[in-house]
Protein chains: 2
Amino acid sequence: MHPGLSIDCVIFGFHESELKVLLLKLKNQKLWSLPGGFVDRQKAVDSEAVEVLFRRTGLRDIFLRQFYLFGDTDRHLPGHANKLVATDVIPPELENWFDQRFVSVGYYALVEYSKVQAPRPDFSSDSCTWKNMKDLPDLMLDHEKIIQKAYQILKRELNDQPIGLNLLPDEFSMSELQALYETVLDRKLDRRNFRRKMLSYDILEDTGKRRTGGAHKSPRLYRFNEEKYHKAIEDGLRSLW
Amino acid sequence: MHPGLSIDCVIFGFHESELKVLLLKLKNQKLWSLPGGFVDRQKAVDSEAVEVLFRRTGLRDIFLRQFYLFGDTDRHLPGHANKLVATDVIPPELENWFDQRFVSVGYYALVEYSKVQAPRPDFSSDSCTWKNMKDLPDLMLDHEKIIQKAYQILKRELNDQPIGLNLLPDEFSMSELQALYETVLDRKLDRRNFRRKMLSYDILEDTGKRRTGGAHKSPRLYRFNEEKYHKAIEDGLRSLW
DNA sequence: CCAAAAGTGTTTCGAGTACACCCATGA
DNA sequence: TCATGGGTGTACTCGAAACACTTTTGG
């Protein structure tokens, strides 16, 4: 039957200057979980991850990155499967099977919060919602650890790769982009230096438009040049050697 | 039985200014393979990788990094298992099982070539030797791709992390360290700039000794300050943000 | 007219790069 | 004494960081 291989997706979203993660709440339990699923023996692992993302968010063609394989033997506590049976999450005949070691591949994705319309829970969970990274609920298994690892890798990769595409509207102001970086990095950045550095990456285009409506000076709107953006991800933004 | 999960280790060694990979030659075949093995359901994946490294090289406490999970459906060509049976690598009853999709976790290690005394082959292979990265033999499955991916990630990580520990003797000259970097990067570096930059990382200690015996000025010998070295790996050598 | 955000330029500092000469050693 | 590699310093350029005032907008 199952190959004993599952995937877990850490789906990051950004909203109101806060970094969010999409989580499922398990039926009849207080625990939450990452969206994921088992990988069929016939399917390629990476494409299954794409499917999970699609099932939960309705989004395709999103930056999705495999970042780690979690394969420790102590990923769940004794009695874990028992609890799942007791709370009706899985049928009793699967209890033993669920008590063995699981190997899970972690993926993370960056998606635009507003484009995800009413994320849908699956059969084993009764809600699917965005949770603030700074205020995560109790999570099953080692999902907390998986999220933290994804976050750590995301921050490290920020040094070599741009982010923003799929995390912001198609057109955005420089301040919005900066707010994204500040949120992910969890600290303030200098406005002037940020603008200069970001423009120097040569991945932005000025749309020529302005956003009006705020009680302030109307900002220019930019968009990503997707070709250059993807090239930057491929080649890295800098290399020391 | 098997969980359908295997590991493959790309073990890099460095010798005479060449980057080597430790490979096994399959019994009765012209194909070579990466050292690896299946992961028992009871075992943690990372520690199995440590075991593979130990079985082949006799080394423990070596930098070993999980770098990717290979989970495509087309990892081997049709007839692959059949060939393995025909050439006596596996018994016939396993043919069907060997024909399904395999998921393999890639690890890479950096070890000192000279410390590996006569690497030992396993039951399915008749030799285990170092092969030059620039002249790889034909490899089974997607092992060539795995090696190239490991190499690519190694080069990228060089921008954030030092290398050298376990790849060089305990004490080494600056030129030897530079030769290592030049080999991995596959290009020449400026001697003066290399020294300055490397010293600025603050991970080296001057042993106070010199190496004599060459027909030249005798070079200072350095060693890594392991505490600082590991801290540099943890924290990264630089951060742009 | 005022509050709030947008836009802009300069200086300072450190790291990266290019480059050339003298020194020590063993053969 | 000579060939070979070891050791060192300086000038230039560029990116990073610190820092303050003026402009635009809607309320």
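Chain naming here is simple, since letters A, B, ... match the order of the sequence lines and numbering starts at 1 in each.
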Would you state whether a donor and an acceptor, one from the side chain of B:Arg192 and one from the base of D:dG7, lie under 3.5 Å apart?
no

Start with the C-alpha gap between A:Glu176 and A:Arg211, add the side-chain angles, then the distance that decides, and say whether salt bridge (charged side-chain N to carboxylate O under 4.0 Å, His left out) holds.
CA-CA 12 Å; A:Glu176 286 163 343; A:Arg211 171 172 307 134; 2.6 Å; yes

Any B:Ser175 side-chain nitrogen or oxygen under 4.0 Å from OP1 or OP2 of D:dG6:
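Result: yes.
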
Can you give me the N/O atom pairs linking the protein to nucleotides 22-24 of chain D at distances under 3.5 Å, or say none if there are none?
| unit_1 | atom_1 | unit_2 | atom_2 | d |
| --- | --- | --- | --- | --- |
| D:dT24 | O2 | A:Lys217 | N | 3.0 |

Using the salt bridge (Lys or Arg N to Asp or Glu O under 4.0 Å) criterion, which residues pair with [X]? Sequence neighbours excluded.
{"X": "A:Glu171", "result": "A:Lys209"}
{"X": "B:Lys228", "result": "B:Asp202"}
{"X": "A:Lys197", "result": "none"}
{"X": "B:Asp206", "result": "B:Arg220"}

Closest approach to the side chain of B:Arg220, judged atom by atom: which nucleotide of D:dG7, D:dC21, D:dG27 is it?
D:dG7

Take the protein atom [atom1] of [X] and the nucleotide atom [atom2] of [N], then report the distance between them rounded to whole Å.
{"X": "B:Leu177", "N": "D:dG6", "atom1": "CG", "atom2": "C1'", "answer": "15 Å"}
{"X": "B:Arg211", "N": "D:dG7", "atom1": "CZ", "atom2": "C1'", "answer": "16 Å"}
{"X": "A:Lys188", "N": "D:dC19", "atom1": "NZ", "atom2": "C1'", "answer": "17 Å"}
{"X": "B:Arg238", "N": "D:dC14", "atom1": "CZ", "atom2": "P", "answer": "19 Å"}
{"X": "B:Gln178", "N": "D:dG7", "atom1": "CD", "atom2": "C1'", "answer": "13 Å"}
{"X": "A:Asp190", "N": "C:dT8", "atom1": "CG", "atom2": "C1'", "answer": "12 Å"}

Along DNA chain C (nearest heavy atom to each residue), the more 5'-positioned of B:Thr212 and A:Arg191
A:Arg191

Check ring pair (Phe, Tyr, Trp, His ring centres under 6.0 Å) between A:Phe224 and all other residues, then give those that pass, not counting sequence neighbours.
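With sequence neighbours excluded, A:Phe224 shows a ring pair (Phe, Tyr, Trp, His ring centres under 6.0 Å) to A:Phe172, A:Tyr229, given in chain and number order.
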
Can you name the ring pair (Phe, Tyr, Trp, His ring centres under 6.0 Å) partners of A:Trp130, sequence neighbours left out?
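Expected list: A:Tyr113.
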
Residues from residues 194-202 of chain A sitting under 4.0 Å of DNA chain D, heavy atoms only?
A:Arg196, A:Lys197

Determine to 10° how strongly the helix from C:dC1-D:dG27 to C:dA27-D:dT1 is bent, judged from the axes of its five-pair ends.
0°

Which is more 5' along DNA chain D, the nucleotide nearest A:Ala215 or the one nearest A:Asn193? Just name the residue.
A:Asn193

Can you list, pair by pair, the side-chain donor-acceptor contacts under 3.5 Å of residues 157-169 of chain A, counting residues two or more places apart and other chains?
| unit_1 | atom_1 | unit_2 | atom_2 | d |
| --- | --- | --- | --- | --- |
| A:Glu157 | OE1 | A:Arg65 | NE | 3.1 |
| A:Glu157 | OE1 | A:Tyr108 | OH | 2.7 |
| A:Glu157 | OE2 | A:Arg65 | NE | 2.9 |
| A:Glu157 | OE2 | A:Arg65 | NH2 | 2.7 |
| A:Asn159 | OD1 | B:Leu240 | N | 2.8 |
| A:Asn159 | OD1 | B:Trp241 | N | 3.3 |

Qualifying residues under side chain to side chain donor-acceptor pair (under 3.5 Å), relative to B:Arg210, sequence neighbours excluded:
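Testing B:Arg210 for side chain to side chain donor-acceptor pair (under 3.5 Å), a comparison that skips the adjacent residues, returns none.
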
List for me each residue that meets side chain to side chain donor-acceptor pair (under 3.5 Å) alongside A:Gln152, sequence neighbours excluded, and say none if there are none.
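Not a single residue meets the side chain to side chain donor-acceptor pair (under 3.5 Å) criterion with A:Gln152.
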
Option among A:Leu177, A:Thr183, A:Val184 that satisfies the side chain to side chain contact (heavy atoms under 4.5 Å, CB included) test with A:Tyr181:
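Option passing the side chain to side chain contact (heavy atoms under 4.5 Å, CB included) with A:Tyr181: A:Leu177.
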
